[in-house]
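As the structure is a computational prediction, the values presented were derived from the model and not from experiment.
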Amino acid sequence: MPHPPGQDRTVVDLPAGRLRGAREGGLTVFRAVPYAAPPVGDLRWRPAQPHAGWSGTRDATAEGPSAPQMYLEGGDPVLGGHGSPPFDEDCLTLNLWTPAADDARRPVLVWIHGGGFVSGSGSLPGYSGETFARDGDLVVVSINYRIGPLGYLYPGDGEGDPAGEGGNFWLTDQLAALRWVKENIASFGGDPDCVTVAGQSGGAVSTAALAGHPQTAGLIRRVILQSPPFGLDLPGPQAYLERTAAYLELAGAKDLAELRTLPWPELIGAGAGLFARTVRWGYWPTPFLPVIDGVTLCGHPAEALLSGAAAGVDVMIGWTREEANFGFALDEGYAAATREQVTERIAETFGNEAAEGVYAAYERARPGARPADVLMDLVTDELFRVPAVRLAEARGGTDRPVWAYQFDLPTPAYEGRLGAAHCLELPFVFANFDRWSHAPFLAGLAPAVRDGLACAMHRAWIAFVRTGDPNHPGLPRWRPYDTRTRTTMRFDSVVTALDDLAGASRLLHAPDPLI
């Protein structure tokens, strides 16, 4: 509950117990706040359970552990580090930034990190909520949740799932976090009736799944979907159980009961082996995926945004121009791809007869394109751009359309090979480049261009969270996407609202493609 005047506003009393946060840069910050019981022991591979609370005053000034995941010192050549050690299974916590723990009822932004369902952390410096809280007068919440085998392994029916609880433990975590927000956020100066959930990549899939979930009625007013890989073919129970069997073999366990006895580093190691088992040439690697189990998730998250309560939620959706460059552009194996290899990959989507024509269409769209460039444009369209446009098309004819954008600013890093790659919009959205100093993909960006675009995007996100409309004085007029104009905001060194920006991709991937 909020405090009377004169009391220490870094201390908040909640039903679970008393919390002490800290003042940082004019904000009050609470870290490692538990929103569910630690998912350890018998609660491993069980839906999130309520936290028992605590006695006394709980210190909330230091970061808690991130979810267990593979970790390489220094991280990858694009982002640098994905996760933030230390790691531990006791990770169901959130961080919160607020201008003041008062009764102001500010709009709330809940951030869900991505990371290919296997990595990432709500505690990463780049996801700090300070800029949004300060610049937008918002309460910002960033959550940790189970990922990799601990969050996405599907145990199946029978012995592994005697109570019929399903899978998608990551989703049960996120549902618990949203319930926590609804029940507690007013004590931190937030409005429980004005919550925007935003996420990027796998976090955007989570965001869509939450918006369409029957348990979130009244919990979400708006969503922001940054680069959702809605083109993923999500398995049903039987298809996923093949992965579960492979994982058990890799872990050296005969069943879930035996898996529960293994220390989590062994579980993460077995997950690394599943990468090799599931990788396919020309496809984004996804050893762990959401499962459409009919219990926790009854359909594809993209479809969930088209019906029921989610149809009334405000939606902003976008993608980067060259999403797939993130995973393919720096890989020498893909750089050496031949036209024949890429044409065969295209045939897997379009069929043998159409493959040559589709290759030629991509070649025309990017003069001088190498086979690898054609492949990357194809994967970008299949996995990100075209499914996002289809969602916009489906909602464009309703009274609750979407706001669509494409991030176009290329990075000079790695001689420009990354282009406007997956994840590149993140530091612009958060407007906190100082927090991304470890990220190689930002090297060489001109500060004036960088900072100007960040201001435009950051302010648009704030406006959307506050009002459901991203327009602000620093943008050209941004109209919702409809099936007449198909307005899409292009975020580049010059920000421009364009009609049917993704038209070529949309038509090429239509049921009757124009080749």
*May I ask you to decide if the ring planes of Phe188 and Trp180 are parallel, tilted or perpendicular, using 30° and 60° as cut-offs?*
tilted
_Students often mix this up, so state it plainly: with edges at 30° and 60°, are the rings of Trp478 and Phe491 parallel, tilted or perpendicular?_
perpendicular
Between the side chains of [Y] and [X], is the shortest nitrogen-to-carboxylate-oxygen separation below 4.0 Å, so that they form an ion pair?
X: Arg31; Y: Glu24; answer: yes
X: Asp193; Y: Arg221; answer: no
X: Asp499; Y: Arg486; answer: no
X: Asp102; Y: Arg106; answer: yes
X: Asp408; Y: Arg321; answer: yes

Between [atom1] of [X] and [atom2] of [Y], what distance do you get to the nearest 0.5 Å?
X: Leu109; Y: Arg466; atom1: CG; atom2: CZ; value: 12.0 Å
X: Arg484; Y: Asp500; atom1: CZ; atom2: CG; value: 12.5 Å
X: Thr196; Y: Phe464; atom1: OG1; atom2: CZ; value: 6.5 Å

Exercise: identify the closest heavy-atom pair between [X] and [Y]:
X: Pro229; Y: Gly202; answer: CD-N, 4.3 Å
X: Gly190; Y: Val108; answer: CA-CG2, 3.9 Å
X: Pro480; Y: Thr487; answer: O-CB, 4.2 Å
X: His113; Y: Tyr127; answer: CB-CE1, 3.5 Å
X: Phe230; Y: His300; answer: O-NE2, 3.2 Å
X: Gly80; Y: Pro440; answer: N-CD, 3.4 Å

*For the pair Ser128 and Asn432, evaluate side chain to side chain donor-acceptor pair (under 3.5 Å) and give the outcome as yes or no after the intermediate values.*
CA-CA 9 Å; Ser128 168; Asn432 61 349; 5.6 Å; no
Taking [X] for the side chain and [Y] for the main chain, is one N or O donor matched with an acceptor at less than 3.5 Å?
X: Asn168; Y: Trp170; result: no
X: Thr380; Y: Ala324; result: yes
X: Arg395; Y: Arg400; result: yes

_For the CZ atom on Arg479, are there more than 12 heavy atoms of other groups (residues, nucleotides or ligands in this structure) within a distance under 6.0 Å?_
no
*Inspect the surroundings of CG in Asp233 and state if more than 12 heavy atoms from other residues, nucleotides or ligands are less than 6.0 Å away.*
no
Between the side chains of [X] and [Y], is a donor N or O closer than 3.5 angstrom to an acceptor N or O?
X: Asp381; Y: Ser505; result: yes
X: Arg23; Y: Thr28; result: yes
X: Asn325; Y: His422; result: no
X: Asn95; Y: Glu63; result: yes
X: Trp319; Y: Gln406; result: yes
X: Asp434; Y: Trp436; result: no
X: Glu323; Y: Trp284; result: no
X: Thr485; Y: Asp482; result: yes
X: Gln174; Y: Ser206; result: yes
X: Thr320; Y: Glu425; result: no

Please examine the side chains of [Y] and [X], heavy atoms only from C-beta on, and report whether any two atoms are closer than 4.5 Å.
X: Val495; Y: Arg490; answer: no
X: Met70; Y: Phe87; answer: no
X: Tyr334; Y: Met376; answer: no
X: Tyr405; Y: Ile317; answer: no
X: Val449; Y: Leu409; answer: yes
X: Pro470; Y: Met316; answer: yes
X: Leu96; Y: Val140; answer: no
X: Val195; Y: Leu219; answer: no

*Per the side chain to side chain contact (heavy atoms under 4.5 Å, CB included) rule, which among Glu322, Glu363, Arg366 passes with Asp373?*
Arg366
*Do Phe288 and Phe117 have ring centres separated by under 6.0 Å?*
no
*Verify side-chain contact (heavy atoms from CB on, under 4.5 Å) between Val118 and Gln69, making sure each step is shown before the conclusion.*
CA-CA 6 Å; Val118 296; Gln69 58 195 273; over 6 Å; no
*Just checking, Arg345 and Tyr283: is the charged tip under 6.0 Å from the six-membered ring centre and within 45° of the axis?*
yes
*Can Arg417 be said to sit on top of Tyr414's aromatic six-ring, NZ or CZ under 6.0 Å from centre and within 45° of the ring axis?*
no
*In sequence, state the C-alpha distance, the side-chain angles, and the governing distance for Phe326 and Leu79, and then conclude on side-chain contact (heavy atoms from CB on, under 4.5 Å).*
CA-CA 9 Å; Phe326 177 97; Leu79 284 181; 3.8 Å; yes
*Evaluate the side-chain contact (heavy atoms from CB on, under 4.5 Å) criterion for residues Arg506 and Arg390: first the C-alpha distance (whole Å), next the side-chain angles of each, then the deciding distance (0.1 Å), finally the verdict.*
CA-CA 8 Å; Arg506 177 177 60 83; Arg390 284 175 180 157; over 6 Å; no
*Determine, stepwise, if the pair Phe430 / Trp461 fulfils side-chain contact (heavy atoms from CB on, under 4.5 Å).*
CA-CA 9 Å; Phe430 280 83; Trp461 265 239; over 6 Å; no
